[in-house]
Structure formats: structure tokens, C-alpha cells
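Okay, so here's the structure we're looking at.
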Amino acid sequence: MPESIWTSRPADLYGRRGRDRFATALWGIRVLFGGFASASRWKPSLVTPVRRTHRATVIERNLVAPDVVALTLADPDGGLLPSWTPGGHIDVQLPSGRRRQYSLCGPPGRRTHYRIAVRRIADGGGGSIEMHEAYRAGDTLMFEGPRNAFYLGAEQDVLFVIGGIGVTPVLPMIHMAAQRGIDWRAIYAGRSREYMPLLDEVISVAPDRVTVWADDEHGRFAGVDELLVGAGPATAVYVCGPTAMLEAVRLARDEHAGAPLHYERFSPPPVIDGIPFELELARSGHVLRIPPNRSALGVMLDRDPTTAYSCQQGFCGTCKVKVLAGQVDRRGRTVEGDDEMLVCVSRAKGGRVVIDA
Ligand code: FES
């Protein structure tokens, strides 16, 4: 099948294609005359992080799966929290100094309260464990945002593919799709019903539109054909879940290059076309060898687990460092200056890069 000029570009981290000025101009025209949603695929990909910090009070803490805690947040003075749209997230500033992003999973646009849900990951970077342990009802939580890079478009034929904690950005989208009268369906997959957070809420929106795949009931993971069953060439697919699920869906939908595909990752993207390089940490003099299939951040974390990061996808700016020497292959989606590098995605063009770290 021939590719359009849009789909021939590599998809970005959000499943959107297109990142040049011409595309940006067309995107603007499209927004003006054709509505926002269908333009989301062409939205310019550089983003500037919003650095306004907000304070919220945790008013409720409850488990929504054995390993998932949900926190309900409110303005400490009883006012409204900043506006948001389904698919949006906030950047939580944890007491340790870590920053982590969590999707807002309450009713769409609700500003009296936010809800976030966090899966505890024992072998992660420690952020999810801290989220589970640091906050109780009455505590203060600091955050930036909300921001959104995973919008619900204007498509009328939509399939939501959900894997586990990937339900968090999708649940408000489902509510919105129902409110808009969109012809939507959802498949929610997980290891067991017990470990699928917010499952009852997803089903309650429209039981006849939701398919549940519990691995323990089938004795295996869902295959991509089962995840995409009923998705036609023009169906817009929104997927959020583990990397393996996301990549399988992306590959399967590649044959429908004109069909919208939107996705959000909760984990770093695979390194594409990476070449090995050396990363010198100027303050300590350590030289790290970065293999072609790993990020600089990943190797830095091996050495120092307290290395700052959040999104691991090149848009939040948390991991930005100053470059003292070397040629950088900049791959971030937030602005990187000539002497800056987002170590979660950007790499050296070869040889060695020296950073102020
Ligand atoms: S961790 Fe967000 S840009 Fe690197």
C-alpha cells in the first residue's frame, strides 16, 4: 500500500507523524478549519515544559488493585485545580526530589479533584515505591502541569487497547467517547481481573463495548489479532500498555498506514539506530560506555540510581545536562540547546561526549 507524505515519516513517541515547519503550518490550518482532533497527528513535536508548580492535598488513598494505589487530590484552599483533558498527566515532585508522571484518571475535565493511580514496581527506579509509601490522606503533594500529549481525536470509529496500568489515560477518553456518541470499543488485557486496575469503571461505561482479556482465564497473553479484533482499515486505535503490547499493535497497524494510531508509553522507547559512544562525567572523571541498544540515562542509572529523570522519552526536560565537549545527536522532543543533552534519548554522534555531571 502506498504511503502518504504523512505516514512515510517515522512516528514520534506519541504515534504522531510529522515534525517539520511545513507540517506545522498545515497543522495550524487544519486546526483552524478542520477541528483540532484530526490534526493531533500532525502537531509539531517540540514541546516546552511548563514549569509552574502547584500544591494539592491528598484527600483519599485507596488500592484499586493489589499493587496499584489511587490518590485523589484537591486544591488545599478548596478552589479548582488547573484544567486538563483526557490523556493528560501531571509531573509529581516526590519528597526525595524524584519526578514522575502520572495520568489523570478521574472523570474528564473534573477540576475539583484529580485522581492518579500508581502501580508499584519493585525493580523500577524507586519512584513508584515512594509514591506508595510517601503519601497518606492529608499530605501535601507538589506537581507541575497538567500536560497532554495523548489527545482523543475527532475520529468516529475508535478502538481503545489497554494493558494493565495503561488504563489510566484511557479511562477518561472512554468516558469522553461515550459522551460524544462515538462508536467506540475497548479491549482491556491484564494478567488477571484482580490485577486490572479500574476494570469495573471501564466496564460500567458501556459493558457491551468492553472486552476483557485476563491471561489467567485464557492461559496465555492476548495475541495482537485478539487485541485488534474488529479494527478496520479506518479504525482509530488508541493503545496504552506494556512496551511489547504497544510494539505489536504498532507493527500490526503499519499495514493500515492511513489509519490513525495513537499511543502513550509508560516506559522508555527502544533505541533506534544507536551507535556506541562514551559518556564522560566531568565532575567525577568517570567514563561510561553506552552500547548501541541502551540509553545514556540507563547506563548512568546503573552507576547512580539517584540520577534525575522522569518521562524517559525526551519531553519533560528532567534529565537535561550541560554538554562540555563532543557532538550530540539530539533526539528529544523538548528544546535542547546547543550545549544541552537529554540523556534519556539523545546520544553522541560517535566518539565521546563530556557532560557536566
Ligand atoms: S527524562 Fe524526561 S526528557 Fe529525559
Side-chain angles (χ1 to χ4, degrees), residues 10-16 19 43-53 87-94 96-104 116 118-119 121 123-131 142-150 165 168-169 240 243 246 263-274 277 279 281 288 290-291 293-323 326 328-348 353-357:
D12 68 17
L13 294 172
Y14 303 101
R16 298 175 306 217
R19 41 193 312 147
K43 193 179 177 186
S45 50
L46 285 183
V47 293
T48 302
V50 178
R51 289 294 184 217
R52 184 154 172 235
T53 301
H89 65 266
I90 56 173
D91 284 68
V92 176
Q93 300 174 350
L94 288 130
S96 65
R98 293 181 175 100
R99 297 166 57 93
R100 294 293 184 271
Q101 301 182 327
Y102 297 104
S103 300
L104 297 172
I116 56 176
V118 183
R119 168 151 280 156
I121 303 172
D123 56 355
S128 69
I129 293 174
E130 186 175 350
M131 285 294 295
M142 306 298 291
F143 70 94
E144 290 178 0
R147 288 182 285 159
N148 197 342
F150 189 43
I165 194 66
T168 51
C240 190
T243 299
L246 203 145
Y263 57 91
E264 181 159 82
R265 297 179 182 279
F266 283 164
S267 53
V271 178
I272 309 283
D273 297 333
F277 65 98
L279 187 73
L281 312 180
L288 307 178
I290 315 298
N293 61 345
R294 295 197 66 197
S295 69
L297 174 66
V299 178
M300 290 170 74
L301 284 167
D302 289 349
R303 179 180 167 276
D304 177 4
T306 66
T307 303
Y309 72 91
S310 182
C311 70
Q312 302 187 73
Q313 299 171 47
F315 63 81
C316 75
T318 307
C319 69
K320 189 183 284 182
V321 296
K322 191 171 175 54
V323 175
V328 177
D329 172 11
R330 292 188 173 80
R331 300 183 175 197
R333 295 191 60 253
T334 187
V335 177
E336 291 175 275
D338 290 344
D339 62 345
E340 293 175 335
M341 176 178 181
L342 297 170
V343 291
C344 65
V345 289
S346 294
R347 312 179 63 80
V353 164
V354 184
I355 61 172
D356 183 18

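One-based numbering along the sequence shown. Whatever order the structure lists ligands and atoms in, that order sets their numbers, starting from 1.
Although no hydrogens or angles enter the test, the distance criterion places a donor-acceptor pair under 3.5 Å between the side chain of Arg330 and the main chain of Gly337. Put simply, the side chain of Ser128 gets close to the backbone of Ile121: a donor and an acceptor are under 3.5 Å apart.
Listed by number with element, the atoms of ligand 1 under 4.0 Å from a non-hydrogen atom of Cys344 are 1 (S), 3 (S), 4 (Fe). Proximity to Gly314 (heavy-atom distance under 4.0 Å) selects the following atoms of ligand 1: 3 (S). With ligand atoms numbered from 1 in the order given, ligand 1 contributes 1 (S), 2 (Fe) to contacts under 4.0 Å with heavy atoms of Gln312. Close contacts of ligand 1 with Cys316, meaning ligand atoms under 4.0 Å from a residue heavy atom, involve 1 (S), 2 (Fe), 3 (S).
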Apply side chain to side chain contact (heavy atoms under 4.5 Å, CB included) to residues His89 and Thr168 and explain how you reach the verdict. CA-CA 9 Å; His89 65 266; Thr168 51; over 6 Å; no
Working for salt bridge (Lys or Arg N to Asp or Glu O under 4.0 Å), residues Asp329 and Arg347: CA-CA 5 Å; Asp329 172 11; Arg347 312 179 63 80; 5.9 Å; no
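Under the side-chain hydrogen bond (donor to acceptor under 3.5 Å, both in side chains) criterion, Tyr309 pairs with Arg100, not counting sequence neighbours. Not counting sequence neighbours, Ser103 has no partner by the side-chain hydrogen bond (donor to acceptor under 3.5 Å, both in side chains) test.
At a 4.0 Å heavy-atom cut-off, ligand 1 touches Ser310 through the backbone alone.
Assignment of Gly317 to the shell around ligand 1 is supported, since a heavy atom sits closer than 4.0 Å.
For atom 4 (Fe) of ligand 1, the N/O/S atoms of Cys319 include one lying under 2.8 Å.
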